[in-house]
Amino acid sequence: QVQLVESGGGLVQAGGSLRVSCAASGQTISDYVMGWFRQAPGKEREFVAAITPGGGGKYFADSVTGRFTISRDNAKNAVYLQIDRMHTEDTAVYYCAADVSIEAGTWNANFWGQGIQVTVSL
């Protein structure tokens, strides 16, 4: 069982940047597709980005393509999400996820972090 802990959230002004980190423990993540999801107030949790075990494959939601970057460091058992040119619509709780997959067009995961708040102000 892998445990995931997010860090690096906070309050950022629109147009700014933020890097959210995810530290994994209990098990190596090197065999897992890792990813990030987010849940905005009053909305369902949605897929944001995913990265294959070796880091060569990256997938993004249309709404974040070009502004979000996902990366991983398997030696550190960590995953990162770089968010640039932030919009107020990026305000959400961001969740790190392990063993991410897509089925019938829906992304999901077997392991989840507790989430971290990211707030974008005008």
Side-chain angles (χ1 to χ4, degrees):
Q1 185 103 357
V2 58
Q3 290 82 44
L4 305 170
V5 178
E6 302 91 343
S7 62
L11 177 64
V12 183
Q13 281 194 322
S17 298
L18 189 71
R19 188 196 200 202
V20 187
S21 300
C22 172
S25 61
Q27 189 175 348
T28 179
I29 63 169
S30 60
D31 293 332
Y32 287 130
V33 175
M34 300 295 294
W36 291 92
F37 292 71
R38 69 183 181 184
Q39 186 168 18
K43 296 186 177 181
E44 293 186 354
R45 186 161 56 188
E46 64 175 359
F47 167 77
V48 172
I51 185 168
T52 54
K58 299 178 182 180
Y59 307 88
F60 297 93
D62 290 343
S63 59
V64 308
T65 298
R67 298 190 300 116
F68 286 33
T69 304
I70 188 170
S71 61
R72 65 192 296 160
D73 187 336
N74 288 339
K76 294 183 178 179
N77 231 27
V79 183
Y80 309 98
L81 185 70
Q82 176 71 35
I83 310 172
D84 297 319
R85 302 191 302 281
M86 298 184 76
H87 304 159
T88 55
E89 292 79 11
D90 294 324
T91 294
V93 176
Y94 283 72
Y95 296 90
C96 178
D99 197 15
V100 175
S101 61
I102 181 170
E103 185 174 350
T106 300
W107 291 88
N108 211 330
N110 283 324
F111 304 102
W112 298 91
Q114 290 189 326
I116 192 163
Q117 179 69 44
V118 172
T119 302
V120 185
S121 64
L122 289 173

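- Within the 4.5 Å cutoff, side-chain heavy atoms of Q1 are placed close to those of Q3.
- Using a distance-only test at 3.5 Å, with no hydrogens or angles considered, a donor-acceptor pair links the side chain of N77 to the main chain of Q27.
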task: Go through the steps to decide whether T28 and N74 satisfy the test side-chain contact (heavy atoms from CB on, under 4.5 Å), and finish with yes or no.
output: CA-CA 8 Å; T28 179; N74 288 339; 5.9 Å; no
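- Proximity of R38 to D90: side-chain heavy atoms (C-beta onward) are separated by under 4.5 Å at one or more points.
- The cluster map of Ile, Leu, Val, Met, Phe, Trp and Tyr, joined by side-chain heavy atoms under 4.5 Å apart, puts V118 and W36 in the same cluster.
- Atom CZ in F60 sits 7.5 Å away from atom CD1 in I51 (nearest 0.5 Å).
- Note: the hydrophobic cluster containing W112 also contains V33 (ILVMFWY, side chain heavy atoms under 4.5 Å, direct or indirect links).
- Here the shortest heavy-atom pairing between R85 and R67 reads O-NH1, 3.1 Å.
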Would you tabulate the side-chain donor-acceptor contacts of residues 97-111 under 3.5 Å, counting partners in other chains and residues two or more places apart, or write 'none'?
{"unit_1": "D99", "atom_1": "OD2", "unit_2": "N110", "atom_2": "ND2", "d": "2.5"}

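- Within a 6.0 Å radius of CD in Q114, other residues, nucleotides and ligands contribute 12 heavy atoms or fewer.
- Under the 4.5 Å side-chain contact rule for hydrophobic residues, M34 and I116 share a cluster.
- Residues Y32 and P53 fail the side-chain proximity criterion, which asks for heavy atoms closer than 4.5 Å.
- You'll find the side chain of I70 reaches within 4.5 Å of the side chain of V79, heavy atoms only.
- Side-chain contact between I83 and Y94 is present, with at least one heavy-atom pair separated by less than 4.5 Å.
- The closest donor-acceptor contact from the side chain of T91 to the backbone of V120 lies under 3.5 Å.
- Side-chain atoms of E6 come within 3.5 Å of backbone atoms of C96 as a donor-acceptor pair (strictly under, hydrogens ignored).
- Residues I29 and V2 form a side-chain contact, since some pair of their non-hydrogen atoms from C-beta on lies under 4.5 Å apart.
- To the nearest 0.5 Å, the span separating CD on Q13 from CE on M86 amounts to 11.5 Å.
- Side-chain heavy atoms closer than 4.5 Å link hydrophobic residues (I, L, V, M, F, W, Y) into clusters, and following such links, possibly through other members, connects V64 to L81.
- Atom CZ of R72 and atom OG of S30 lie 7.5 Å apart (nearest 0.5 Å).
- Two residues are said to be in side-chain contact when any heavy atoms from C-beta on lie closer than 4.5 Å; T52 and Y59 meet this criterion.
- Rounding to the nearest 0.5 angstrom, the gap separating the CG atom in D84 from the CZ atom in F68 is 9.0 Å.
- Counting all heavy atoms, side chain and backbone alike, A24 lies closest to L4 at CB-CD2, 3.7 Å.
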